[in-house]
Amino acid sequence: MSKLPYSFYQNTDVNDLAVQLLGKLLFTRVNGELTGGMIVETEAYNGVDDKASHAYGGRFTDRTKVMYEEGGLSYVYLCYGIHHLFNVVTASKGTPHAVLIRGIEPFEGIDVMLRRRNMVSLKPNITAGPGALSKALGIDKCLNAKDLLGDEVWIEDNGLVFNEDQIVASARVGVDYAEDHALLPWRYYVKGNKFVSKPNK
DNA sequence: GTGCGGATGAACT
DNA sequence: GTTCATCCGCACT
(Lines give C-alpha, C1' and ligand atoms only; values in the text may rest on other atoms or scores of the structure.)
Protein backbone atom coordinates (compact mmCIF):
# COMPACT_ATOMS: atom_id res chain seq x y z
CA MET A 1 0.00 0.00 0.00
CA SER A 2 1.13 3.54 -0.64
CA LYS A 3 0.05 7.06 0.21
CA LEU A 4 -1.85 8.90 -2.48
CA PRO A 5 0.56 11.27 -4.28
CA TYR A 6 0.06 15.01 -4.53
CA SER A 7 -0.94 14.56 -8.17
CA PHE A 8 -4.07 12.69 -7.03
CA TYR A 9 -5.22 15.73 -5.07
CA GLN A 10 -4.56 18.18 -7.89
CA ASN A 11 -7.57 16.95 -9.89
CA THR A 12 -9.76 19.98 -10.59
CA ASP A 13 -12.89 17.85 -11.03
CA VAL A 14 -13.88 17.65 -7.37
CA ASN A 15 -16.79 15.29 -8.06
CA ASP A 16 -14.56 12.85 -9.90
CA LEU A 17 -12.14 13.02 -7.00
CA ALA A 18 -14.88 12.46 -4.43
CA VAL A 19 -15.81 9.25 -6.26
CA GLN A 20 -12.20 8.14 -6.51
CA LEU A 21 -11.74 8.51 -2.75
CA LEU A 22 -14.28 5.75 -2.14
CA GLY A 23 -12.39 2.58 -1.23
CA LYS A 24 -9.23 4.44 -0.19
CA LEU A 25 -7.89 4.05 3.36
CA LEU A 26 -7.85 7.05 5.71
CA PHE A 27 -5.38 6.78 8.59
CA THR A 28 -4.47 8.91 11.59
CA ARG A 29 -1.71 8.57 14.14
CA VAL A 30 -2.71 10.53 17.24
CA ASN A 31 -0.73 10.16 20.48
CA GLY A 32 1.09 7.27 18.88
CA GLU A 33 -2.12 5.34 18.23
CA LEU A 34 -2.73 4.21 14.66
CA THR A 35 -6.34 4.08 13.47
CA GLY A 36 -7.82 3.91 10.00
CA GLY A 37 -10.68 2.84 7.82
CA MET A 38 -11.90 2.53 4.26
CA ILE A 39 -13.71 5.57 2.93
CA VAL A 40 -17.27 4.62 2.00
CA GLU A 41 -19.01 8.01 1.81
CA THR A 42 -17.92 11.44 0.55
CA GLU A 43 -19.34 14.79 -0.49
CA ALA A 44 -17.88 17.21 -3.03
CA TYR A 45 -17.74 20.94 -2.30
CA ASN A 46 -17.08 22.89 -5.45
CA GLY A 47 -15.41 26.05 -4.18
CA VAL A 48 -16.49 29.57 -5.02
CA ASP A 49 -19.38 28.49 -7.27
CA ASP A 50 -21.00 26.21 -4.70
CA LYS A 51 -23.52 27.80 -2.34
CA ALA A 52 -23.03 24.94 0.12
CA SER A 53 -19.27 25.53 0.36
CA HIS A 54 -17.66 27.63 3.06
CA ALA A 55 -15.67 29.24 0.25
CA TYR A 56 -18.75 30.25 -1.74
CA GLY A 57 -18.33 33.59 -3.46
CA GLY A 58 -14.64 33.58 -2.65
CA ARG A 59 -15.09 33.88 1.11
CA PHE A 60 -11.59 33.88 2.56
CA THR A 61 -11.18 33.82 6.34
CA ASP A 62 -8.91 32.26 8.94
CA ARG A 63 -11.11 29.18 8.84
CA THR A 64 -11.48 28.78 5.07
CA LYS A 65 -8.02 29.87 3.95
CA VAL A 66 -6.62 26.32 3.93
CA MET A 67 -9.05 25.39 1.16
CA TYR A 68 -7.27 27.87 -1.09
CA GLU A 69 -4.00 26.03 -0.64
CA GLU A 70 -2.60 23.36 -2.94
CA GLY A 71 -4.59 20.10 -2.90
CA GLY A 72 -3.25 17.50 -0.48
CA LEU A 73 -3.97 19.17 2.87
CA SER A 74 -6.61 18.52 5.51
CA TYR A 75 -9.42 20.93 6.39
CA VAL A 76 -10.92 20.25 9.81
CA TYR A 77 -13.48 22.53 11.43
CA LEU A 78 -15.82 22.49 14.38
CA CYS A 79 -19.52 22.13 13.56
CA TYR A 80 -22.39 22.84 15.98
CA GLY A 81 -19.78 23.49 18.65
CA ILE A 82 -19.39 19.75 19.13
CA HIS A 83 -18.29 17.86 16.05
CA HIS A 84 -15.07 18.11 14.09
CA LEU A 85 -15.62 17.46 10.39
CA PHE A 86 -12.75 16.19 8.23
CA ASN A 87 -12.25 17.35 4.64
CA VAL A 88 -9.62 16.78 1.98
CA VAL A 89 -8.44 19.95 0.23
CA THR A 90 -8.17 19.40 -3.52
CA ALA A 91 -7.32 21.13 -6.82
CA SER A 92 -4.55 23.66 -7.31
CA LYS A 93 -3.60 26.66 -5.21
CA GLY A 94 -6.25 29.37 -5.35
CA THR A 95 -9.09 26.93 -6.10
CA PRO A 96 -10.87 26.12 -2.80
CA HIS A 97 -12.27 22.69 -3.59
CA ALA A 98 -12.79 20.19 -0.77
CA VAL A 99 -14.20 16.72 -0.20
CA LEU A 100 -15.96 15.94 3.08
CA ILE A 101 -15.42 12.41 4.37
CA ARG A 102 -18.76 11.24 5.78
CA GLY A 103 -18.22 7.55 6.47
CA ILE A 104 -15.45 4.97 6.85
CA GLU A 105 -15.40 1.23 7.48
CA PRO A 106 -13.03 0.48 10.41
CA PHE A 107 -9.83 -1.24 9.31
CA GLU A 108 -7.05 -0.52 11.79
CA GLY A 109 -6.99 0.18 15.54
CA ILE A 110 -10.57 -0.83 16.19
CA ASP A 111 -9.91 -1.17 19.95
CA VAL A 112 -8.70 2.42 20.06
CA MET A 113 -11.73 3.63 18.13
CA LEU A 114 -14.10 1.79 20.47
CA ARG A 115 -12.46 3.48 23.44
CA ARG A 116 -12.64 6.93 21.87
CA ARG A 117 -16.31 6.40 21.07
CA ASN A 118 -17.15 4.94 24.49
CA MET A 119 -18.44 1.77 22.87
CA VAL A 120 -17.95 -1.86 23.86
CA SER A 121 -18.75 -3.56 20.57
CA LEU A 122 -18.35 -2.70 16.93
CA LYS A 123 -21.50 -1.16 15.50
CA PRO A 124 -21.88 0.87 12.31
CA ASN A 125 -22.44 4.13 14.12
CA ILE A 126 -18.84 4.03 15.38
CA THR A 127 -17.71 5.68 12.12
CA ALA A 128 -20.90 6.32 10.12
CA GLY A 129 -21.22 10.09 9.86
CA PRO A 130 -18.62 12.85 9.69
CA GLY A 131 -18.67 13.75 13.38
CA ALA A 132 -18.56 10.13 14.47
CA LEU A 133 -15.62 9.12 12.30
CA SER A 134 -13.61 12.13 13.41
CA LYS A 135 -14.08 11.16 17.03
CA ALA A 136 -13.14 7.54 16.32
CA LEU A 137 -9.98 8.61 14.48
CA GLY A 138 -9.03 11.18 17.11
CA ILE A 139 -9.43 14.06 14.66
CA ASP A 140 -9.84 17.56 16.08
CA LYS A 141 -8.70 21.08 15.20
CA CYS A 142 -5.11 20.06 15.82
CA LEU A 143 -5.26 18.09 12.57
CA ASN A 144 -6.36 21.09 10.50
CA ALA A 145 -4.15 22.12 7.58
CA LYS A 146 -1.98 19.01 7.80
CA ASP A 147 -0.02 17.64 4.85
CA LEU A 148 -1.75 14.44 3.74
CA LEU A 149 1.62 12.92 2.94
CA GLY A 150 2.76 13.48 6.51
CA ASP A 151 2.64 11.05 9.44
CA GLU A 152 -0.36 12.39 11.39
CA VAL A 153 -3.16 11.97 8.87
CA TRP A 154 -2.90 10.42 5.41
CA ILE A 155 -4.74 8.39 2.78
CA GLU A 156 -3.50 5.17 1.19
CA ASP A 157 -4.45 3.42 -2.02
CA ASN A 158 -5.12 -0.26 -1.53
CA GLY A 159 -5.89 -0.81 -5.19
CA LEU A 160 -9.60 -1.30 -4.63
CA VAL A 161 -11.80 0.29 -7.27
CA PHE A 162 -15.59 0.20 -7.22
CA ASN A 163 -17.68 -0.29 -10.32
CA GLU A 164 -20.05 2.48 -11.25
CA ASP A 165 -23.02 0.34 -10.27
CA GLN A 166 -21.67 -0.04 -6.73
CA ILE A 167 -21.67 3.73 -6.18
CA VAL A 168 -24.72 5.86 -5.48
CA ALA A 169 -24.91 9.63 -6.04
CA SER A 170 -27.46 11.60 -4.03
CA ALA A 171 -28.12 15.01 -2.51
CA ARG A 172 -25.69 16.29 0.11
CA VAL A 173 -26.73 16.22 3.75
CA GLY A 174 -27.45 19.23 5.95
CA VAL A 175 -27.05 21.89 3.29
CA ASP A 176 -30.63 23.14 3.03
CA TYR A 177 -29.28 26.67 3.29
CA ALA A 178 -27.66 26.27 -0.14
CA GLU A 179 -30.94 27.02 -1.98
CA ASP A 180 -30.77 25.73 -5.55
CA HIS A 181 -27.50 23.95 -4.85
CA ALA A 182 -28.94 21.90 -1.98
CA LEU A 183 -30.25 19.18 -4.26
CA LEU A 184 -27.14 18.67 -6.39
CA PRO A 185 -26.23 14.94 -6.32
CA TRP A 186 -22.71 15.48 -5.00
CA ARG A 187 -22.83 12.96 -2.18
CA TYR A 188 -21.37 9.59 -3.08
CA TYR A 189 -21.46 6.33 -1.18
CA VAL A 190 -20.84 2.62 -1.55
CA LYS A 191 -24.14 0.86 -2.11
CA GLY A 192 -25.15 -1.39 0.77
CA ASN A 193 -22.18 -0.57 3.01
CA LYS A 194 -23.13 -0.49 6.69
CA PHE A 195 -20.84 2.43 7.50
CA VAL A 196 -22.63 4.91 5.27
CA SER A 197 -24.28 7.63 7.38
CA LYS A 198 -27.98 7.71 8.25
CA PRO A 199 -29.77 9.50 5.40
CA ASN A 200 -29.09 6.45 3.28
CA LYS A 201 -31.46 6.26 0.32
C1' DG B 1 -18.24 43.77 21.01
C1' DT B 2 -22.55 41.36 20.03
C1' DG B 3 -25.72 37.92 18.16
C1' DC B 4 -27.05 34.24 15.22
C1' DG B 5 -26.91 29.68 13.64
C1' DG B 6 -24.46 25.64 11.70
C1' DA B 7 -21.47 20.25 6.00
C1' DT B 8 -24.25 16.54 13.59
C1' DG B 9 -25.36 12.87 16.79
C1' DA B 10 -27.60 10.87 20.55
C1' DA B 11 -31.11 10.65 23.66
C1' DC B 12 -35.41 11.33 24.22
C1' DT B 13 -41.10 11.01 23.55
C1' DG C 1 -40.30 12.79 15.10
C1' DT C 2 -38.33 16.18 18.42
C1' DT C 3 -34.89 18.21 21.37
C1' DC C 4 -30.67 19.77 22.75
C1' DA C 5 -25.76 19.73 23.70
C1' DT C 6 -22.13 23.44 23.14
C1' DC C 7 -18.79 26.41 20.62
C1' DC C 8 -16.91 29.65 17.57
C1' DG C 9 -16.91 31.54 12.89
C1' DC C 10 -18.66 35.24 10.69
C1' DA C 11 -21.25 39.42 9.60
C1' DC C 12 -22.50 43.53 11.28
C1' DT C 13 -22.38 47.57 14.80
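All figures in this text were calculated on a predicted structure; none of them were measured in a lab. A note on names: the letters A, B, ... follow the listed sequences, proteins ahead of strands, and every chain is numbered from 1.
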Do the side chains of A/Glu33 and A/Arg116 get close enough for a salt bridge, i.e. N-O under 4.0 angstrom? yes
A/Phe27 and A/Trp154 aromatic ring geometry - parallel, tilted or perpendicular at 30°/60° bounds: parallel
Has A/Asp147 got more than 12 heavy atoms of other residues, nucleotides or ligands less than 6.0 Å from its CG? yes
Base-pairing string, 5' to 3', of DNA chain B - Watson-Crick or wobble, under 3.5 Å, | interstrand: ||||||.|||||.
Between the protein and nucleotides 10-13 of chain C, which nitrogen or oxygen pairs come in under 3.5 angstrom?
| residue | atom | partner | partner atom | Å |
| --- | --- | --- | --- | --- |
| C/dC10 | OP1 | A/Thr61 | OG1 | 3.0 |
| C/dC10 | OP1 | A/Arg63 | NE | 2.8 |
| C/dC10 | OP1 | A/Arg63 | NH2 | 3.2 |
| C/dC10 | OP2 | A/Thr61 | OG1 | 2.5 |

Do any of residues 116-133 of chain A sit with a heavy atom less than 4.0 Å from DNA chain C, and if so which? none
Is it the case that A/Asn15 and A/Tyr188 place a side-chain donor and acceptor less than 3.5 Å from each other? yes
Using only heavy-atom distances, determine whether the side chains of A/Arg59 and A/Thr64 contain a donor-acceptor pair under 3.5 Å. no
Show, in sequence, the C-alpha distance, side-chain angles and deciding distance for A/Lys93 and A/Glu69, and conclude whether the salt bridge (charged side-chain N to carboxylate O under 4.0 Å, His left out) test is met. CA-CA 5 Å; A/Lys93 193 173 175 70; A/Glu69 291 300 317; 2.9 Å; yes
Provide, to the nearest angstrom, the distance between the NE2 atom belonging to A/His84 and the P atom belonging to C/dT6. 14 Å
From NZ of A/Lys198 across to C1' of C/dT2 the rounded distance in Å is 14 Å
Please list, chain by chain and in numerical order, all residues satisfying side-chain hydrogen bond (donor to acceptor under 3.5 Å, both in side chains) with A/His84, sequence neighbours excluded. none
For A/Glu108, all residues meeting side-chain hydrogen bond (donor to acceptor under 3.5 Å, both in side chains), sequence neighbours excluded: none
Donor-acceptor contact present, side-chain [X] to main-chain [Y], <3.5 Å:
| X | Y | answer |
| --- | --- | --- |
| A/Thr42 | A/Leu100 | no |
| A/Thr127 | A/Gly103 | no |
| A/Gln10 | A/Tyr6 | yes |

side-chain contact (heavy atoms from CB on, under 4.5 Å) partner of A/Asn46, the single match among A/Asp13, A/Thr95, A/Val14: A/Val14
By nearest heavy atom, map A/His83 and A/Lys141 onto DNA chain C; which one lands nearer the 5' end? A/His83
Separation between the P atoms of B/dA7 and C/dG1, rounded to whole Å: 22 Å
Please classify the nucleic acid contact of A/Lys135 as base, sugar-phosphate, or nothing, using heavy-atom distances under 4.0 Å. nothing
Report whether A/Val173 and A/Val76 are members of the same hydrophobic cluster (ILVMFWY, side-chain heavy atoms less than 4.5 Å apart, transitive linking). no
Where does the chain A footprint on DNA chain B start and end, counting 5' to 3' with a 4.0 Å heavy-atom cut-off? B/dG6 to B/dA10
